[in-house]
Amino acid sequence: MTIKRKPKLAIWKFASCDGCQLSLLDCEDELLAITNRVDIAYFLEATSTVRKGPYDISLVEGSITTQHDVKRIQKIRQNSKLLVTIGACATAGGIQALRNFKNVNDFISLVYAKPQYIETLDKSTPIANHVPVDYELRGCPINKRQLLEVLSAFLHGRKPNTPSYSVCIECKRRFNVCVMVSCGIPCLGPVTHAGCNAICPSYHRGCYGCYGPMETPNTTSLSSQFSQLGLDKDNIVRTFRTFNAYAEPFRKESEAYEK
Amino acid sequence: MRSKTIKVDYLARVEGEGALYIKVKDGKLADVKLKIFEPPRFFEAFLRERNYTEAPDITARICGICPIAYQMSAVHAMEYAFCVKVEGQLRALRRLIYCGEWIESHALHVYMLHAPDFLGYPDAIQMAKDHSDIVQRGLQLKKIGNEIVALLGGREIHPVNVRVGGFYKVPSMQELAPIAEKLKWARDAALETVRWTATLNFPDFEQDYEFVALRHINEYPLNEGRLVSNKGLDISIQEYENYFIEEHVQHSNALHSAIKERGAYFVGPLARYNLNFDLLSPSAQEAARSAGLSPVCRNPFKSIIVRGVEILYACDEALRIIDQYEKPEKPSIQAQPTVATGFGCTEAPRGILYHRYSIDGKGIIVDARIVPPTSQNQKTIENDLWQFIPKYLHLPDERLTLQCEQAIRNYDPCISCATHFLKLHIDREQK
């Protein structure tokens, strides 16, 4: 991407906790420098200024859960040269995709006295189910260093360097003792996409998979390891069903253990 | 004056998606609606059938701005249920990580979300062009708050280290020492924050609010205490649902909380300050007095000064905790799940956050209830607008809209938090 004027950056929110877009404001040392290089054209969490598109880069947080949002993401796509999803909601449907495993009619009648007041779809789905996505940044939340890397890469017209290997590699690089091998703590690290720098094992707990599945994960083998460690079927289902529950490899593995 | 309607479709510089609707008829204010249309995310529904150990990690995802508040209310509720008492250094470390969240959340709100209103900028980035030192001070304060959360929690947003009974891993004294050095700078910066915010121009606006906050016997409230108000409320947190109700309002995806038979109430920094001034650190009290704040302040616009006072308190408290720190032998206390109901109420940066869970004998959640601070303030925000707007009806629409947005931001509303709450109420109606 070679642009002489300042590229226009837009940040959009769908169903989410606001944490991934907050990651940009959490770049306390870099924020003002970033604004020297890009024109923040739409970022409601931070500014009342709203500039019209088209936008050079759109960062999209959150999952699609309403008909209104189905239409909104299409307009955003039409108005964006590059569309990058940030975080587990936008990339996999998020924690709110736990609804996807319920019979939605039963679910709605259980929850709502007056469902006609509530506008919601039966499933929480990732952005890529609705529009083409140019790049996906994983994590619940994303790692702000990776966000800076993605912005920097696109500004310089290169491919972002965000490795797709497992959390295990990051653990080895930190010289962590394996929590599963040495302490028998169930850990999703072997099947989980890198990016967090193995925070959970570094704090002596098992990875809970908030970066979602890595490429070609061997979830079946890991589940049988979990069984050997004493996890029953219900707990194996719960382990795969959190913030990336609807990402296909995790979804299939949890469904295999569901009665 | 003619009739007109002012609509702000997407409120900026608040967390989450909200809108404002004002109707003026024959020169008089006819309607005000703070609309919350953030889509519901069903947290209380899918917490059912989850393990009690998962509640702090799952509920953190309600809000990326104040995940520690959710984690703290969740673990305290579970510990209440299972009669676990977390004391000594583990309790102190919980206060420390909460201080970190207060510092980062308040600094974000004071400098990046609210101050631009007072100085006439659309955001802190534009403000930085004229007031670089001020914005840099805010960013560095926020960074130190985040560093405390990241050190104790593993990362700034959705930390991983909080668990029922304590932590997964506790820090060494050597790890805490560098933070103490930075906190000494932060104390001065917080003091300067109080001084500077006190020089802003405040609308002359006071209301006879009912302020509600936690009150602890000997410390400014974070995790524990009784729920008290300036109008006679004094209850244990287990009694919360006997005294507070929710009213369903059609125009909003979140319910309005009210005190039974009395109505709207006010939670957050101003409520905490008014009800706990005597428990602030001496330097925070002194800073407030020097800034011209009396021990009771009823002007919600001055919340920005009070947030500064609370940043200073959080720095003092964090320094005190680090100074007295000795690494505990165990990072957590074992909990034994039983059939029980647990209650937790802690002071999120925006005000009290209530959790209740019922657990079966195997540690599985069978019912969950969460009441975030923004739902509790919603009615008060609308009441403020009803009182505030008539004084400014002569202003052009654009100016009036800015004034209203500033009045809403007094409460640092977190709409992502408030929304999931709707379906919960309806859930209860269904029973």
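In what follows, chains are A, B, ... by sequence order, proteins preceding strands, each numbered from 1.
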Q) With a cut-off of under 6.0 Å to the ring centre and 45° to the axis, is A:R99 in cation-pi contact with B:F46? A) no
**Q.** Atom group of A:I95 that falls short of 4.5 Å from chain B, counting heavy atoms
**A.** both
Q | Candidates A:N235, A:T239, A:V237 - the one meeting side-chain contact (heavy atoms from CB on, under 4.5 Å) with A:Y257 | A | A:V237
Q. Is the A:F43 to A:W12 ring centre distance short of 6.0 Å?
A. no
Q: Report the residues that fulfil ring-ring contact (aromatic ring centres under 6.0 Å, His included) with A:H130, sequence neighbours left out, ordered by chain and then residue number.
A: none
(Q) Heavy-atom pairs under 4.5 Å with chain B - which of A:H204, A:K144, A:R205 has more of them than the others? (A) A:R205
Q | Largest heavy-atom contact set with chain A, pairs under 4.5 Å, which of B:K142, B:Q140, B:K169 | A | B:K142
Q. So what's closer than 4.5 Å to chain B heavy atoms on A:S23: side chain, backbone, both or neither?
A. both
Q: Before giving the answer on ring pair (Phe, Tyr, Trp, His ring centres under 6.0 Å), spell out for B:Y168 and A:Y203 the whole-Å C-alpha distance, their side-chain angles and the decisive distance to 0.1 Å.
A: CA-CA 6 Å; B:Y168 290 90; A:Y203 279 73; 9.1 Å; no
Q) Less than 4.0 Å between a side-chain N and a carboxylate O, is that true for B:E405 and B:R409? A) yes
Q: Identify which part of A:I142 has an atom lying under 4.5 Å from any heavy atom of chain B, answering side chain, backbone, both or neither.
A: neither
Q. When only pairs under 4.5 Å are counted, which of A:S124, A:G19, A:P141 shares the most heavy-atom pairs with chain B?
A. A:P141
Q. Between A:C210 and chain B, which part of the residue has a heavy atom less than 4.5 Å away: side chain, backbone, both or neither?
A. side chain
Q: Could you label the plane-to-plane angle of the B:H109 and B:H114 rings as parallel, tilted or perpendicular, counting under 30° as parallel and over 60° as perpendicular?
A: tilted
(Q) Let's test your reading of the structure: which of A:V50, A:T35, A:D29 forms the most heavy-atom pairs below 4.5 Å with chain B? (A) A:D29
Q) Is it true that A:R241 and A:E258 make a salt bridge, defined as a side-chain N closer than 4.0 Å to a carboxylate O? A) yes
Q) Tell me, side chain or backbone of B:E49 under 4.5 Å from chain A's heavy atoms, or both, or neither? A) both
Q. Considering only heavy atoms, which portion of B:L152 lies under 4.5 Å from any heavy atom of chain A: side chain, backbone, both, or neither?
A. backbone
Q. By a 4.5 Å heavy-atom criterion (distance strictly below it), what part of B:N146 contacts chain A: side chain, backbone, both, or neither?
A. side chain
Q: Can you tell which part of B:A150 gets under 4.5 Å to a heavy atom of chain A, answering side chain, backbone, both or neither?
A: backbone
